[in-house]
Visitor: 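Below: one structure in structure tokens.
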Amino acid sequence: MPSADKIAALRGMRDVFSAEYARQRQVQERLERHLRLHGYQPIDLPILENTELYLRKSGEDIAARLYQFDYRSRRVALRPELTASILRAYVEHMQDEPLPLRIQYSGPVFRYEKPQQNRYRQFTLSGAELLGAKGPRADAEIINLACGGLERLGIRDYQLVIGHSDVLESFLQALGLRKQLVNFLLRNMENLRKRGIDAVIASLREIYPEFESATTATSASADGEHTQSQRLINLLREMTDDEAHQAITDFLHSLNIRIDANREQGEVVERLLQKIREDQQGPKLRVALEFMRRLGELAGEPTAALRQAQALAADFKLDGAALDALGRTLDCLAEYGDISGDIELDFGLNRGLHYYTGLIFELHCTLETGEAIQICGGGRYDNLVSILGGGEAMPALGFAYGIERLASVLETAKGAAPEAGTVCVIPVAEGDFASAFAAAKDLRARGITTEVSIEGRNLSRSLRQADRRGARLVIIIGEAERADQSALLRDMRSRQEQPILQAELAETVEELLSADG
RNA sequence: GUGGGCGUAGCUCAAUGGCAGAGCACCUGAUUGUGGUUCAGGCGGUUGAGGGUUCGAGCCCCUUCGUCCACCCCA
């Protein structure tokens, strides 16, 4: 028979086999129990959602990695995470529940990224969300819960990294930077830390050429301060976006100027306005970058890092509310007294999902290769409910573990092989299958894993197969047994066998197996 | 998106430019009702695809597809 081209699994998708499968399930089950013991109720959510759910606030990089498509004129997407779905479900069905609400979930998610070691396009997230709770107590509960799950799995050697997105974001906003620019900077904290300010500016120019003038070191228009157009520009700068927009539109109208019909008038005005405002972004941008550089250096032991951050905040005349809250969270966390991993503060920490509004944290483990691997991420997202159309804003936070990664961390520690067929029933001839199936049924009813050999090989081969597949006991039913409704029960370890009435088979097998322990 | 590695039997992989091989798996027999071993044999290939160089290409060159890994980012 001519064989057609082989169909392989899609890139980034994985087949999970016996030992690894068992390990992943075990991890999932233990975590579910752990979270349940803390009052987090499991719920199940759709894998397919309206694409819009992920576009509202997840951030561009998530959007770019979405598996999304049109299906019968609807935009749908495979979920890249579950927090958005949880909140969607909350807004849709759970707004009358008493708060705080504790929920857990587990299931596959999809992200179209380049696959590599410990990174796949489909993977499993298990997580918890604490809805309707604010303040350091709630923050500490979630962190402690996330760490507790690791301990529950026997992982005591891990690193907890805590950050706070408000410290940087509120500073950038207070500076009066354009929103686009703020978002860009938030995304590039890591970049700045690794490659320096120049690299960030270069990348800014590449992505947003309209900020070109803001990124050049010297301002060319310094001596144009008193020209009439400059006065007009200064006036516009003092207005809000809406006011300025209206002013320009009215101005053009009053002069009876018509704008090229190919372009939306509003768009032209918008661009003009943007151009006018960029010029003043330069100095602010430099202050922002300097602040980021210094903030990014603050990482390490919590008390010291926090003190340095407070000093930095004072230097830049920043109110330290976020830092105080962080300090209280750390105090609350200490009260639990069961964090056995290393704790580190990192003010440069910033996560890919852009809906975080306060606390953010990650858990890392070390693989046997010595390589660090992130196995959990989470944080606070107080405005996500209102973004998703909830009646009123609600404080909320949560975290999620990457199950495959957790399992790979445990792989080194303990690799319990899954049990294969415990009992194998071998019918010798065609006429013996009915009896064999009946015997197997009895055994399974008692919870004993049983396979029936259906290959139709001779007895020698069948026994060999049963043995190689790890059978503990073999039941042979053939011509000799047929007459008196018996079966031959063979112990594969002791190589001893005894005839047993088929009616008594299940009970005898159960006794033998329980004697094994 | 950037940079590497690898595509050879069902699977894992060998093969200084010179007869395409091994292990595992599968099948048969030694053994027609007694297993992990052993032995004998068998099945199995357009060397990812297409083009080029050469007397000769699995090997060198170009193109393309697939895949793994690193950077980026993340779980």
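As a basis for the values below, the full set of heavy atoms in this structure was taken, side chains included, without hydrogen atoms, waters or symmetry mates. So you know, we letter chains A, B, ... as the sequences are listed, proteins then strands, and number each from 1.
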Visitor: When rounded to the nearest Å, what value does the distance between C1' atoms of B:U16 and B:G52 take?
Guide: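 After rounding to an integer number of Å, I get 23 Å for this pair.
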Visitor: Of the options B:C72, B:A75, B:G35, whose atoms approach the side-chain atoms of A:Arg65 most closely?
Guide: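 Of the candidates, B:C72 comes closest.
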Visitor: Touch check for A:Gln496, heavy atoms < 4.0 angstrom, all strands: base, sugar-phosphate only, or nothing?
Guide: nothing
Visitor: Quickly work out the A:Arg193 CZ to B:C71 C1' distance and round it to whole Å.
Guide: 17 Å
Visitor: Using a strict threshold of under 4.0 Å (side-chain N to carboxylate O), is an ion pair present between A:Arg102 and A:Glu141?
Guide: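 A salt bridge is present here (some side-chain N lies under 4.0 Å from a carboxylate O).
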Visitor: For B:U32, which nucleotide is its Watson-Crick or G-U wobble mate, given both distances must be under 3.5 Å?
Guide: none
Visitor: I want to verify a distance call: between B:G35, B:C74, B:G33, whose nearest atom is closest to the A:Glu113 side chain?
Guide: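 Nearest to the side-chain atoms of A:Glu113, counting from C-beta on, is B:C74.
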Visitor: Assess A:Arg14 against A:Tyr120: is NZ or CZ under 6.0 Å from the centre of the six-membered ring, and within 45 degrees of the ring's axis?
Guide: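 Here A:Arg14 passes the 6.0 Å and 45° test against A:Tyr120.
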Visitor: Using the C1' atom as the reference point in each nucleotide, state the distance between B:G29 and B:C69 in Å, no decimals.
Guide: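 Each nucleotide's C1' atom is 47 Å from the other's.
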Visitor: Could you tell me the Watson-Crick or G-U partner of B:U67, where both distances fall under 3.5 Å? Say none if there is no partner.
Guide: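 WC or wobble partner is B:G5.
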Visitor: What is the distance from CD of A:Gln122 to C1' of B:A75, rounded to the nearest Å?
Guide: 13 Å
Visitor: Base, sugar-phosphate, or nothing for A:Arg468, non-hydrogen atoms under 4.0 angstrom?
Guide: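 Touches sugar-phosphate only.
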Visitor: Could you state the CG-C1' distance from A:Asn118 to B:C68, rounded to the nearest angstrom?
Guide: 13 Å
Visitor: What I want to find out is whether A:Glu510 reaches A:Arg446 closely enough, with some N-O distance under 4.0 Å, to be called a salt bridge.
Guide: yes
Visitor: With a 3.5 Å cut-off and just heavy-atom distances, do the side chain of A:Glu497 and the base of B:G35 make a donor-acceptor pair?
Guide: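 Absent.
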Visitor: Which part of the nucleic acid, if any, lies within reach of A:Ile403 when heavy atoms closer than 4.0 Å are counted: base, sugar-phosphate only, or nothing?
Guide: nothing
Visitor: Within the modelled atom types, does a donor on one side and an acceptor on the other bring the side chain of A:Arg461 and the base of B:G35 under 3.5 Å apart?
Guide: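 No, no donor-acceptor pair under 3.5 Å.
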Visitor: Which of the following nucleotides, B:G33, B:G35, B:A75, is nearest to the side chain of A:Ser460?
Guide: B:G35
Visitor: Short question: side chain of A:Gln502, backbone of A:Ser486 - any donor-acceptor pair under 3.5 Å?
Guide: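 Checking the backbone N and O of A:Ser486 against the side chain of A:Gln502, a donor-acceptor pair under 3.5 Å is found.
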Visitor: Charged N to carboxylate O under 4.0 angstrom, A:Lys134 versus A:Asp139?
Guide: no
Visitor: Work out how far the C1' atom of B:A14 is from that of B:A22, and round it to whole angstrom.
Guide: 7 Å
Visitor: Work out how far the P atom of B:C61 is from that of B:G21, and round it to whole angstrom.
Guide: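 Pairwise P distance, B:C61 against B:G21, rounds to 25 Å.
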Visitor: Just call it for A:Tyr120: base, sugar-phosphate, or nothing, with non-hydrogen atoms closer than 4.0 Å on any strand.
Guide: base
Visitor: Could you let me know what B:A57 is paired to, Watson-Crick or G-U wobble, both distances under 3.5 Å, or none if it's on its own?
Guide: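 Base-paired to nothing in any strand shown.
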Visitor: Check for me: is A:Tyr401 stacked on B:A75 by the 5.5 Å centroid and 30° plane-angle rule?
Guide: no
Visitor: Tell which nucleotide pairs with B:C72, taking only Watson-Crick or G-U wobble pairs whose two distances are both under 3.5 angstrom.
Guide: none
Visitor: Searching all strands shown, indicate the nucleotide that pairs with B:U37 (Watson-Crick or G-U wobble; both distances under 3.5 Å).
Guide: none
Visitor: Any base atoms under 4.0 Å from A:Leu488, or only sugar-phosphate, or nothing? Heavy atoms, all strands.
Guide: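 Counting heavy atoms under 4.0 Å across all strands, the contact made by A:Leu488 includes a base.
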Visitor: What is the distance, to the nearest angstrom, from the CZ atom on A:Arg121 to the P atom on B:C74?
Guide: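 Value for this atom pair: 18 Å.
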Visitor: Remember a base hit wins even if backbone is also touched, and classify A:Ala480 as base, sugar-phosphate or nothing at under 4.0 Å, heavy atoms.
Guide: base
Visitor: How many whole angstroms separate atom CD of A:Gln117 from atom P of B:A75?
Guide: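 Taking CD of A:Gln117 and P of B:A75, I get 18 Å after rounding.
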Visitor: Looking only at N and O atoms, is any donor in the side chain of A:Arg464 or the base of B:U34 less than 3.5 Å from an acceptor on the other one?
Guide: no
Visitor: Take A:Leu463 and A:Lys114, find for each the nucleotide of RNA chain B with the closest heavy atom, and name the residue whose nucleotide sits nearer the 5' end.
Guide: A:Lys114
Visitor: Should the pair A:Glu290-A:Arg286 be classified as a salt bridge under the 4.0 Å nitrogen-to-oxygen rule?
Guide: no
Visitor: Of the nucleotides B:G35, B:C68, B:G33, which one has an atom closest to the side chain of A:Glu479?
Guide: B:G33
Visitor: Identify which nucleotide among B:C73, B:U67, B:A70 has an atom closest to any side-chain atom of A:Arg119, counting heavy atoms from C-beta outward.
Guide: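 Closest nucleotide among those given: B:C73.
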Visitor: Rounding to the closest angstrom, what is the interatomic distance between B:G3 and B:C43 at atom P?
Guide: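 Per the computed distance, 47 Å lies between those P atoms.
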Visitor: A:Leu459 side chain: which of B:G35, B:C73, B:G33 is closest?
Guide: B:G33
Visitor: May I ask you to check whether A:Phe399 and A:Tyr401 place their ring centres under 6.0 Å from each other?
Guide: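 When the ring centroids of A:Tyr401 and A:Phe399 are compared, they turn out to be within the sub-6.0 Å range.
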Visitor: Under a 3.5 Å limit for both distances, which nucleotide forms a Watson-Crick or G-U wobble pair with B:C43, could you say?
Guide: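 Across any shown strand, B:C43 pairs with none.
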Visitor: Give me the one residue out of A:Arg25, A:Gln24, A:Arg23 that meets side-chain hydrogen bond (donor to acceptor under 3.5 Å, both in side chains) with A:Tyr21.
Guide: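 One option only clears the test, and that one is A:Arg25.
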Visitor: State whether A:Phe110 and A:Arg121 meet the cation-pi test: NZ (Lys) or CZ (Arg) under 6.0 Å from the six-membered ring centroid, and within 45° of the perpendicular axis.
Guide: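 No, A:Arg121 does not sit over the ring of A:Phe110.
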Visitor: Whole Å only: how far is the CZ atom of A:Arg11 from the P atom of B:C65?
Guide: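 One finds 12 Å between P of B:C65 and CZ of A:Arg11, rounded.
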Visitor: Say we look at B:U67 and B:G23: how far apart would their C1' atoms be, to the nearest angstrom?
Guide: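 My reading of the C1' atoms in B:U67 and B:G23 gives 24 Å.
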Visitor: Determine the contact category for A:Glu404: base if any of its heavy atoms lies under 4.0 Å from a base atom, sugar-phosphate if only primed atoms, P, OP1 or OP2 are that close, otherwise nothing.
Guide: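 Since no nucleic acid heavy atom lies under 4.0 Å of A:Glu404, the category is nothing.
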Visitor: Taking for each residue the nucleotide of RNA chain B bearing the nearest heavy atom, is the 5' side occupied by A:Gln116 or by A:Ile375?
Guide: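 Taking each residue's closest nucleotide, the earlier one in sequence belongs to A:Gln116.
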Visitor: Please report the distance, rounded to the nearest Å, between CD in A:Glu362 and P in B:A75.
Guide: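 It works out to 7 Å between those atoms.
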Visitor: Partner lookup for B:G21, please. Criteria are Watson-Crick or G-U wobble with both distances under 3.5 angstrom; report none if nothing qualifies.
Guide: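 Paired with B:C13.
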Visitor: Without decimals, in angstroms, what is the distance between A:Arg469 CZ and B:A25 P?
Guide: 13 Å
Visitor: Quote, to the nearest angstrom, the C1' distance that separates B:U8 from B:G44.
Guide: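 Per the computed distance, 14 Å lies between those C1' atoms.
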